[in-house]
Amino acid sequence: MPVSDTITLQESSGDKYPLLRPLEKLKRTLELGEAPFDGLCHHCEEADAAFQIPIILNVVVERYMENDGGIRPTVSPTLKVGIKLVAAEAEEYSEETNFPLLLCKQCNAEYEAAQKAASRKSMLGLFALLGLLVAFLIFAYFNAAVVALLSGILWLIGAIAWASRFRDTKKIDSFIKPWLNDIRWVPEALALEDEYTLSTGESKTFR
């Protein structure tokens, strides 16, 4: 029995564009109004969409850095030491793709509830940090001798956390991920990109 090739299998599964990258498939089907952008709710896939949430995907396609990047010393007559460190300048070229998350009335209510829950969680985290700061200041007032050691440790932890932010090249709110997984080709498109920023707009009525 002959084994079907990959392209034939993709076509039989409803993929009309097996040779395109997932991101290009999103653009093509959106432009032509084909599935998954044919008006059906992406979440329940049963009811017609009544709302659309704009999704803005900004993918870094190229980054150019002078002098191969890094930091180099230069002579400066204005400084007493005569030498200053200069970071290499960088130019980024990115490509923006816009597509909607289509939801029916009930699924849109669930989406808004999830969004509000994520916002509340973020606020609680901020209040917890403020509470820890107040507790630390009170502790510092009564235990000045121990504060120096604790401050050094906390500074080191903070510096590591601050530096780790720059290692995250895929910036996306965690609450939106399960909703995007409901749109065909979006998970594959995000997995193939090395560096991107994904944001959402305000919910609007669809059609």
| field | Derivation of the side-chain contact (heavy atoms from CB on, under 4.5 Å) call for Glu193 and Glu95 | value | CA-CA 11 Å; Glu193 303 301 338; Glu95 180 180 356; over 6 Å; no
| note | salt bridge (Lys or Arg N to Asp or Glu O under 4.0 Å) filter on Glu34, not counting sequence neighbours, yields Lys16
| task | State whether a side-chain donor-acceptor pair under 3.5 Å links Thr200 with Asp173. | result | no
| Spacing of CD belonging to Glu188 relative to CG belonging to Asn181, to within rounding of 0.5 Å | 9.0 Å
| request: Please name the pair of heavy atoms, one in Ile183 and one in Pro100, separated by the smallest distance, quoted to 0.1 Å. | output: CD1-O, 4.1 Å
| message | If you define the side chain from C-beta out and look only at heavy atoms, does anything of Thr97 sit under 4.5 Å from Leu26? | response | no
| remark: Smallest heavy-atom separation, Glu202 atom then Pro54 atom, equals O-CD, 3.2 Å
| Closest approach of Ala118 and Phe175, non-hydrogen atoms and distance? | CB-CB, 3.8 Å
| field | Minimum-distance pair of heavy atoms, taken over all atoms of Phe51 and Cys104 | value | CD1-O, 4.3 Å
| request: Would you check if Thr29 and Trp185 make a side-chain contact, meaning some heavy-atom pair closer than 4.5 Å? | output: yes
| query | Below 4.5 Å, heavy atoms only, C-beta onward: do Cys41 and Leu103 meet side chain to side chain? | reply | yes
| So how far is it from His43 NE2 to Leu101 CG, rounded to the nearest 0.5 Å? | 9.5 Å
| said: For the NZ atom of Lys105 and the OG1 atom of Thr205, what is their distance to the nearest 0.5 Å? | reply: 12.5 Å
| task | Determine whether Leu40 and Leu102 make a side-chain contact, defined as any pair of heavy atoms from C-beta on separated by less than 4.5 Å. | result | no
| Worked verdict on Leu57 versus Leu190 for side-chain contact (heavy atoms from CB on, under 4.5 Å) | CA-CA 9 Å; Leu57 176 62; Leu190 297 181; 3.8 Å; yes
| request: Say whether Leu30 and Val186 are linked into one hydrophobic cluster, either directly or through other cluster members, by side-chain heavy-atom distances under 4.5 angstrom. | output: yes
| message | Testing the basics here: between Ile56 and Gly201, what is the closest heavy-atom pair and its distance to 0.1 Å? | response | CD1-N, 4.2 Å
| said: Checking Phe37 now: which residues fulfil ring-ring contact (aromatic ring centres under 6.0 Å, His included) with it, not counting sequence neighbours? | reply: His42
| query | Side chains of Tyr17 and Asp15: does their closest heavy-atom pair fall under 4.5 Å? | reply | yes
| message | The criterion is salt bridge (Lys or Arg N to Asp or Glu O under 4.0 Å); which residues satisfy it with Glu110, sequence neighbours excluded? | response | none
| said: Does this structure show an ion pair linking Arg184 with Glu45, if we count only N-O contacts that are shorter than 4.0 Å? | reply: no
| CG on Asn98 to NZ on Lys27, rounded to 0.5 Å | 9.5 Å
